[in-house]
Colleague: 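Got a structure for you, questions after.
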2 protein chains.
Amino acid sequence: MSTAEETTGGETSGWGEVTPDAARRLLIAAVEAFAERGYHATTTRDIAGRAGMSPAALYIHYKTKEELLHRISRIGHEKAVEILRTAARGEGSATERLADAVSSFVRWHAGGRTTARVVQYELDSLGPDARAEILALRRQVDAEVRGIIEDGLTTGEFDVLDVQGTTLAVLSLCIDVARWFNVNGPRTPEEVGALYADLVLRMVGAKR
Amino acid sequence: MSTAEETTGGETSGWGEVTPDAARRLLIAAVEAFAERGYHATTTRDIAGRAGMSPAALYIHYKTKEELLHRISRIGHEKAVEILRTAARGEGSATERLADAVSSFVRWHAGGRTTARVVQYELDSLGPDARAEILALRRQVDAEVRGIIEDGLTTGEFDVLDVQGTTLAVLSLCIDVARWFNVNGPRTPEEVGALYADLVLRMVGAKR
DNA sequence: GGCCACGCTAAGCGCCCGCTCAGCTTCAGC
DNA sequence: GCTGAAGCTGAGCGGGCGCTTAGCGTGGCC
């Protein structure tokens with residue numbers, strides 16, 4: 001459990017790369033609105049209002065409402081790839097790296113649930129080009145996890161019959177955290193991360 | 001693997017209880033449209049058009065667009081409860097009943113992906129009253145799965161540290177199938193059901 | 001001090017939304 | 001053959017949508 005930079009600073013952190021300030025405020029407002037109501041149910045007036053601006057100000061920084069979703073989705077997916085890549089290319093055994101990958105990925109989905117919800121569940125609202133770009137990032141996500149599982153099979157740490165199916169299931173389990181996790185619920189993101197790391201090690205038959 | 005009535009007749013089956021015929025056609029059209037584009041992005045004109053009717057015809061059978069979603073969601077959740085209850089109250093060991101529950105639940109989410117998508121992912125589009133009613137059905141779903149896991153702990157078949165957390169994870173894994181399953185993909189609903197039953201038995205530490 | 005580029009707003013355009021309503025057709029009951 | 005109920009349509013209302021445009025205030029630069 002090493003890579004845990006994701007929850008510091010609340011839900012609005014992690015957008016430091018977006019400039020200028022007004023564009024970042026609009027983007028954060030859009031993330032919150034999309035997460036609460038969904039992309040199609042969110043109006044540009046709502047986004048601008050949350051950012052303390054008039055509806056027209058949005059169009060100075062973004063060409064369309066869809067460009068906002070595209071930017072959010074790309075930044076979020078790049079973060080997801082980074083989290084998994086850091087864990088996958090770490091130093092420990094396949095067992096340690098898989099546990100690390102799952103727990104940090106889950107912590108990101110639980111702690112940054114607002115962002116993760118938009119990133120994982122609004123993909124279909126993008127147009128074909130933007131969607132294709134995001135799907136390429138998803139294949140990188142899949143490859144990182146599959147790589148760790150294959151490593152564990154090579155070293156004899158794991159016992160898995162269907163590598164691709166198990167990879168899919170592991171990612172699916174982590175991603176769905178963004179759907180059900182409740183900040184006011186009984187579990188912290190860290191607790192869910194630890195529970196899920198244990199469950200996933202059981203799924204791959206890790207010897208312990 | 002006993003309860004497998006869900007995929008027969010294609011995606012439009014299972015609405016036999018909805019009458020008259022025109023109301024059922026509108027409901028099926030709504031399921032397809034909501035699954036493809038999401039509730040908010042679907043227009044009443046689109047639903048009526050798919051059912052071969054004028055937009056006004058919709059309002060003879062349903063008071064609002066939301067009532068359509070409510071009806072779909074309730075029927076779908078009742079079906080989900082029924083599937084899990086049949087498996088949970090079957091005759092075999094806890095191990096057999098859990099495998100049966102997971103594989104039939106997964107087959108329903110994969111084979112009836114169109115319906116399952118609407119049922120599982122459009123809950124937030126309902127108003128407070130309808131949403132509360134559906135959440136009660138979800139608690140029944142949770143209770144059935146938790147019950148099997150508790151049975152397996154009592155008999156010593158399973159080894160689980162966090163019963164509620166594991167129940168949540170098992171259901172989450174099954175439900176998310178509706179998000180990623182692709183009818184034209186490499187796996188049949190039966191194959192995914194079998195794979196997931198195996199993974200879940202590993203998660204609960206079932207002795208085999 | 002004059003100028004202009006920049007960030008923003010007030011107003012509003014054209015469109016399509018959910019939904020309504022007057023009226024048409026069909027058909028069972030007598 | 002007449003009547004009333006049921007099922008449906010064509011036309012359209014009020015409103016909110018995404019997005020545009022003309023113009024205003026402000027601060028850096030010479």
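Values reported hereafter were calculated over all heavy atoms of this structure, with side chains retained and with hydrogens, waters and symmetry mates removed. Here is how names work: the chains are called A, B, and so on, in the same order as the sequence lines, proteins then strands, and each is numbered from 1.
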Colleague: Okay, side chain of B:Arg97, backbone of B:Ala87: is any donor-acceptor separation there less than 3.5 Å?
Modeller: no
Colleague: Determine, step by step, whether A:Ser172 and B:Val177 satisfy the side chain to side chain contact (heavy atoms under 4.5 Å, CB included) criterion, reporting the C-alpha distance in whole Å, the side-chain angles of both residues, the deciding distance to 0.1 Å, and the verdict.
Modeller: CA-CA 8 Å; A:Ser172 168; B:Val177 169; 5.8 Å; no
Colleague: Within the side chain of B:Glu66, is there an N or O that forms a donor-acceptor pair under 3.5 Å with the backbone of B:Gly127?
Modeller: yes
Colleague: Distance-only, no hydrogens or angles: does the B:Arg107 side chain make a donor-acceptor pair with backbone N or O of B:Ser103 under 3.5 Å?
Modeller: yes
Colleague: Take the protein atom CD1 of A:Ile60 and the nucleotide atom P of C:dA10, then report the distance between them rounded to whole Å.
Modeller: 13 Å
Colleague: What does the B/S/- profile of nucleotides 12-29 of chain D look like, 5' to 3', with a 4.0 Å heavy-atom cutoff to protein?
Modeller: B----BBBBB--------
Colleague: For B:His61 and D:dG7, what is the distance between atoms NE2 and C1' respectively, to the nearest whole Å?
Modeller: 7 Å
Colleague: Please state how far atom CG in B:Leu26 lies from atom C1' in D:dC8, giving the value in whole angstrom units.
Modeller: 11 Å
Colleague: What is the distance, to the nearest angstrom, from the CD1 atom on B:Ile47 to the P atom on C:dG18?
Modeller: 8 Å
Colleague: Is B:Thr95 reaching over with its side chain to a backbone N or O of B:Ala206, donor-acceptor style, under 3.5 angstrom?
Modeller: no
Colleague: Looking at A:Arg25 and A:Ala51, would you say the former's side chain and the latter's main chain have a donor-acceptor pair under 3.5 Å?
Modeller: yes
